[in-house]
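If you're wondering where the values come from, they're calculated on a predicted model, not measured in any experiment.
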Amino acid sequence: MDMAARAMLALGCFVGVGAALMIPFTDGGTAERLVSWIALALGILAVVASAAVLRRGIVRRLREAETGDPDDQDVIPTKEER
C-alpha cells in the first residue's frame, strides 16, 4: 500500500505540474484550457489523497511502535513461582 501511495503521489505531482505549466499557454475559453484545469484538479486530488494515505500509514506505524508487541512484554512471576 505504501509503494502504491508513493507512486500515486509522484503521478499526481507530474500531472499537476504539467497542467499548471500548460494553463498560461492556452487561450481562455477553449477546450485546451478546460482540460488543463481538469488535469490540474485531478493532480491535486491525487496528491492530497496519496498524502493522506501515507500519513495514515505513518501514524499507524508510530502507534504500533509505541504500544509494542504484546508477545515482547516481560513475564512477571506470581508469588507462588518465586
Exercise. Where is the tightest heavy-atom contact between Gly12 and Val47, given as atom of each residue plus distance?
Worked result: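 That would be C-CG2, 3.6 Å.
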
For this session: Of all the heavy-atom pairs spanning Ala5 and Ser50, show the shortest one and how long it is.
Result: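 Here Ala5 and Ser50 meet closest at O-CB, 3.3 Å.
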
Problem set entry | CE on Met8 to CG on Leu45, rounded to 0.5 Å |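 Between Leu45 CG and Met8 CE, I get 8.0 Å after rounding to 0.5 Å.
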
Should side-chain heavy atoms under 4.5 Å link Ile, Leu, Val, Met, Phe, Trp and Tyr, which residues sit in the same cluster as [X]?
X	answer
Val48	Ile23, Trp37, Leu40, Ile44
Ile58	Leu62
Val17	Leu21

Exercise. What residue pairs, at least two apart or across chains, pass salt bridge (charged side-chain N to carboxylate O under 4.0 Å, His left out) with a residue in residues 10-32?
Worked result: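 Qualifying pairs, neighbours excluded: none.
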
Exercise. Tell me the salt bridge (charged side-chain N to carboxylate O under 4.0 Å, His left out) pairs involving residues 4-13, sequence neighbours left out?
Worked result: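 Those involving residues 4-13 are Asp2-Arg6.
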
Problem set entry | Residue list, salt bridge (charged side-chain N to carboxylate O under 4.0 Å, His left out) with Arg33, at least two apart or on another chain |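 For Arg33, no residue satisfies salt bridge (charged side-chain N to carboxylate O under 4.0 Å, His left out) once neighbours in sequence are set aside.
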
For this session: Answer yes or no: does atom CZ of Arg61 have more than 12 heavy-atom neighbours from other residues, nucleotides or ligands under 6.0 Å?
Result: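 Buried by this count: over 12 neighbours within 6.0 Å.
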
Exercise. Can you check side-chain contact (heavy atoms from CB on, under 4.5 Å) on Ile38 and Leu42, steps first, answer last?
Worked result: CA-CA 6 Å; Ile38 292 171; Leu42 289 175; 4.1 Å; yes

